[in-house]
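To start, the structure under review is shown below, and the notes come after it.
Just so it is clear, the values below take in all heavy atoms, side chains as well, and ignore hydrogens, waters and symmetry mates.
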Amino acid sequence: MIEEFFNSSELNDVNSDENVIPRVQLIFLCVFVGLFGVSLYYIISRLSNGIRCQILEYFSGVLLIFIISQVLFLTNWLSIIHFSKEIPYVELFGNLFYILGNGLFLLLLLIIGQGWTNSTQYGVNVFQRILNYLITLSMIGLSWTIYIMFVFDVEFNDNDNNNNNNNNINNYRYYLDTTPGYILVSLYGVIVGFFLFSNHLYYRIEIDGSKKKLIFIFTVVFLNWFLLHPIVIIVAHFIDPYIKYRVVTILNLLINTIFFILLLFLFRPKYNHNHGHFLSQFFGNNRVDQEDDDDDDDDERNEEDADDYNVASSSNNPKNEKKPLLPSNPTPTIEISQ
């Protein structure tokens, strides 16, 4: 099926955007499905041991939303390529699902940075939790509104005026590369500040050294996810319109895929460790090794005490007579005098 789609004669006859974008989206769809399968494998295998991977459960839901969005995009492309017309509202819902996935991934990064599933301190600050949901809902709601009002409606009216059912690729509009989009992007600065501040608070109150290292590396790595999206908007603003659709689509999918893989790698479960992710296991090795060494020392001391006891018993009993073993809690006897 995939090979037939790639080798389709109709696909080779259309313009460069309609040739490249469906192929790219199909490749990333396969990557998302693969990540979803790996995440489910980790979740199910840990559940069989009675341990939940809540981060991966949430992450699987985010991946499922991105998979749905790519399926909708490809369905619309198939209709354009083979029937020269779009399926009404399919691209609209594809973009809405994509925006929803971005917003939910944003929420996941915020709550992980505040110690979700990793600290008993998470949720103590109710105001902080409310801000998490307000930021997420605001980003999703405003993005949906901007896309519908300044991209979808404009393209829909242009198509009606031109009596053409296809989107005009050369006039592609990126919803964040609009005046309201610039205002929305400015909120990314506030979100980055909130992300760093919340993670710093958790870092200060956490007393476990391994968890402090975990949150530091997590913050450094995923801070780049917040910073790269505004860069895509800058790139989209200065490139030529006829390649904007192609470049924006590839960059957005590539950025999300890279950080999806990083999150799955960093929080993949280790089967010999109950914390359920790689970094805690990695940074906890010193503490675990120390505990193992202490246990070994205790065992050696117990063995030495037992040897000393046996030597002392042998010296007090030169004939090496065997003594009857008494139970640890001997039953008391009562003597009756006659």
Enumerate, atom names and distances included, each donor-acceptor pair closer than 3.5 Å involving a side-chain atom of residues 229-241, sequence neighbours excluded.
| from | atom 1 | to | atom 2 | distance (Å) |
| --- | --- | --- | --- | --- |
| His229 | NE2 | Trp225 | NE1 | 3.3 |
| His237 | ND1 | Asp177 | OD1 | 3.1 |
| His237 | ND1 | Tyr182 | OH | 3.0 |

Do any side-chain atoms of residues 135-143 form donor-acceptor pairs under 3.5 angstrom with protein atoms, and if so which ones, sequence neighbours left out?
| from | atom 1 | to | atom 2 | distance (Å) |
| --- | --- | --- | --- | --- |
| Thr136 | OG1 | Asn132 | O | 2.9 |
| Ser138 | OG | Leu134 | O | 2.6 |
| Ser143 | OG | Met139 | O | 2.6 |

Say whether, by atom type as modelled, one donor and one acceptor occur between the side chain of [X] and the main chain of [Y] under 3.5 angstrom.
{"X": "Arg129", "Y": "Val126", "value": "no"}
{"X": "Asn125", "Y": "Phe127", "value": "yes"}
{"X": "Asn76", "Y": "Leu72", "value": "no"}
{"X": "Trp144", "Y": "Ile99", "value": "no"}

Could you tell me which non-hydrogen atom of [X] sits nearest to which non-hydrogen atom of [Y], and how far apart they are?
{"X": "Phe259", "Y": "Phe222", "answer": "O-CE2, 3.6 Å"}
{"X": "Ser79", "Y": "Glu86", "answer": "OG-C, 4.0 Å"}
{"X": "Glu57", "Y": "Arg52", "answer": "OE1-NH2, 2.6 Å"}
{"X": "Glu91", "Y": "Phe73", "answer": "O-CE2, 3.9 Å"}

Quick check on the 6.0 Å ring-centre criterion: do Tyr122 and Tyr202 meet it?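 Between Tyr202 and Tyr122, which both carry aromatic rings, the centre distance is not below 6.0 Å.
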Surrounding CZ of Phe97 (heavy atoms of other residues, nucleotides or ligands, distance under 6.0 Å), is the total greater than 12?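 Result for CZ/Phe97: open.
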Let me check something: any side-chain donor-acceptor pairs from residues 28-40 under 3.5 Å, sequence neighbours excluded? List them with distances.
| from | atom 1 | to | atom 2 | distance (Å) |
| --- | --- | --- | --- | --- |
| Ser39 | OG | Leu56 | O | 3.3 |
| Ser39 | OG | Ser60 | OG | 2.6 |

Could you tell me the separation between the CD1 atom of Ile112 and the CD1 atom of Ile215, rounded to the nearest 0.5 Å?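 So the gap between those two atoms works out to 8.5 Å.
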Please report the interatomic distance CG(Leu110) to CZ(Phe195), rounded to the nearest 0.5 Å.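 Separation between the atoms: 7.0 Å.
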How about Tyr188 and Leu227: do any of their side-chain heavy atoms sit closer than 4.5 Å?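 No, side chains not in contact.
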With heavy-atom distances below 4.5 Å as the criterion, would you say the side chains of Leu264 and Arg268 are in contact?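 In short, these two side chains do not touch, never coming nearer than 4.5 Å.
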For Thr249 and Gln25, which I'm curious about, is there any donor-acceptor pair between the side chains at under 3.5 Å?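 Thr249 vs Gln25: no donor-acceptor pair found between side chains.
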